[in-house]
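Report on the following structure.
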Number of protein chains: 2
Amino acid sequence: MIKIAVDAMGGDFAPKEQIEGVYLALDRFDDIEITLFGEKKLMQPFLKADHPRLTFVETEGVIAMGEKDPIGAIRSNRKSSMAMALKSVKDASHDAVVSSGATQALIAGAHMIIGRMKGIKRTAIAPVLPTVVKDKPFILLDAGGNVEIKPEFMVQQAYFATVYAKEILGDAKPQVGLLNIGAEEGKGRLLDHEAAAALKAHPAIDFYGNVEPKDILNPPTTILLSDGFTANIVMKTIEGSARGFGIMLKEELAQGIFGKLGLLLSIKNLKSFKKRLSPEEIGGAMIYGLDGVLVKAQGSSKANGFYNGIRQARKIVHQDVLGKVRKILEASSDDSA
Amino acid sequence: MIKIAVDAMGGDFAPKEQIEGVYLALDRFDDIEITLFGEKKLMQPFLKADHPRLTFVETEGVIAMGEKDPIGAIRSNRKSSMAMALKSVKDASHDAVVSSGATQALIAGAHMIIGRMKGIKRTAIAPVLPTVVKDKPFILLDAGGNVEIKPEFMVQQAYFATVYAKEILGDAKPQVGLLNIGAEEGKGRLLDHEAAAALKAHPAIDFYGNVEPKDILNPPTTILLSDGFTANIVMKTIEGSARGFGIMLKEELAQGIFGKLGLLLSIKNLKSFKKRLSPEEIGGAMIYGLDGVLVKAQGSSKANGFYNGIRQARKIVHQDVLGKVRKILEASSDDSA
């Protein structure tokens, strides 16, 4: 059995959507057990009859989504659903934790409570995003963990992502691309030159070279890497473009009588288009580099998005992603450095 | 009369589309004179009857669009259409130059031949991009000029863009936003903190604060600023998202019989949607900081896109953008620093 701890209280629509996502996961996988960390009286309205593989841990308080001081909040509220769920992975009573709570609090809490994997220099947030090719998503690193970064951190993220792409995304030979302003070698900042050299040199990484973001939704590699500032900017620019294009498309399609008729006929397909762009379809972002499995589902997750986060956490445990990363770490010279 | 020098030979579809764009501009504006810099024998097939406001300067050779060493090419070919057109602005026989030639060669050539405006520390490429609000575009800075940047360069770009937004885009009170990974003060890198402080302090700049790119096509400010690496990444991510969404949209819309019918009815509107996203509609990018007016039209410009570049150059001269920037420079302490 794979034991998954769920922070039921974090997220824009918690605990309703989280609990519904949990039931979806229990239905679809019979090799998981889930513990809901939360306040029973708030969860009660959404609970069904007792489930043999669902248990509860009562917690006190929640880290609010708009919390001004998320790091202070998680530090001072060790009985919160988030803190208690994280602790259940640290004390090894659970194999993985899934939360859609406030990102900064979650990352800070994970550092305080779970801690980094031995030899890993920095943790990283690794969302999985859709491309134009169905079921061929890509990993974007580092989407916000490390604003100022060193090439050695990027190398560790790259081989972590390589294991993830193989074991979870099913890419037998994942390559790593460096996000850059030009495809030619030597483009970009000093950081990019140093990172390219270090990525090329590492035996566990298949380095492709520079990738320009004009191919961002049709990238030549399953893994795209940059510093935490740039990758976060890229992720938010895709999001902003999607929003903007959606608004423009709706406006333009509704023009004229033929347009209105066409729009009516296209509604089902437009919904399917929107769904394809939705982060819900892919699931959450694994936090790389912790001494335990943590999946961060989107704060705005609905039941299906949260279910996908649980599905992902289950597979990460099942495929022993952490064990495989540890093997590379042991073989890497950067561990002894 | 406003005298505009046109590099007829640079661009993916030169000289045909450039020449057609020139005729469009001559038709629509009777206060401009245009000189075509190029090889007459190559231009001949696209020329109409003599035009009283169109003259020619014969040039030798062209800087190829895919040129491996663009800086070397412009340095060693001073009789090229690009070099000669730039020179005509330097020697004041023309008021502005428009080129859709290779960007790097053009920027290098502009530095060598026209030179920087006195007091300006760095030039910058400033494309004007569409938003979800029709006829309310925004300026993105610096889209590729300065990979490593200092806050003082960003300040100069910000007040240059402020003048441009007022005089060319018609925004009476343009504000400047700093592209960042969070909207709250204090987000981002050391560079961003320093830039925010410097932008806030300058009397000719109305600083709005941080802007996250999840609002990239619906930004709260007419001017969005970052370092040259980040802004270029943002521009290419918008481009890549547009491409990717276009592919996905086409695939999804064509599903099923109702979808196909809807698609047929929507074709005109989809074209209008595509046009709205097209950089052609906005025109070229002004190069800020030169001692002369240079507009870089897209390398892939067709006649209408190139016409828009000429229209833009005309307005920049007409509104005396450079004169207004010089006044701010003279009043700014950073000139004497």
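Labels below follow one simple rule: chain letters A, B, ... track the order of the sequence lines, proteins then strands, and each chain is numbered from 1.
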- Less than 4.0 Å between a side-chain N and a carboxylate O, is that true for Lys214(B) and Glu239(A)? no
- Closest non-hydrogen contact found for Asp192(A) with Phe229(B) is OD2-CE1, 3.3 Å
- Item | Closest approach of Ile216(A) to Thr237(B) (non-hydrogen atoms, all atoms of both residues) | CG2-O, 4.0 Å
- Item | Residues Asp215(B) and Arg243(A) bridged, charged N to O under 4.0 Å | yes
- Would you find more than 12 non-hydrogen atoms of other residues, nucleotides or ligands less than 6.0 Å from Glu185(A) atom CD? no
- Non-neighbouring partners of Phe245(B) that pass ring-ring contact (aromatic ring centres under 6.0 Å, His included), sequence neighbours left out: Phe245(A)
- Query: At what distance, to the nearest 0.5 angstrom, does CD1 of Ile149(B) lie from CZ of Arg189(A)?
  - Reply: 12.5 Å
- Task: Under 4.5 Å, counting heavy-atom pairs only, tell me which of Gly240(A), Pro219(A), Pro213(A), Gly244(A) racks up the most with chain B.
- Result: Pro213(A)
- Message: Less than 4.5 Å to any heavy atom of chain A: does that hold for the side chain of Asn180(B), its backbone, both, or neither?
- Response: both
- Message: Taking every non-hydrogen pair under 4.5 Å, which of Ile247(B), Val133(B), Thr230(B), Ile233(B) racks up the most with chain A?
- Response: Ile233(B)
- To the nearest 0.5 Å, tell me how far Asn232(A) CG sits from Lys187(B) NZ. 8.5 Å
- Query: Rounded to the nearest 0.5 Å, how far apart are CG of Asn218(B) and CE of Met248(A)?
  - Reply: 8.5 Å
- Message: Please classify the contact of Ile238(B) with chain A as side chain, backbone, both or neither, using a heavy-atom distance under 4.5 Å.
- Response: both
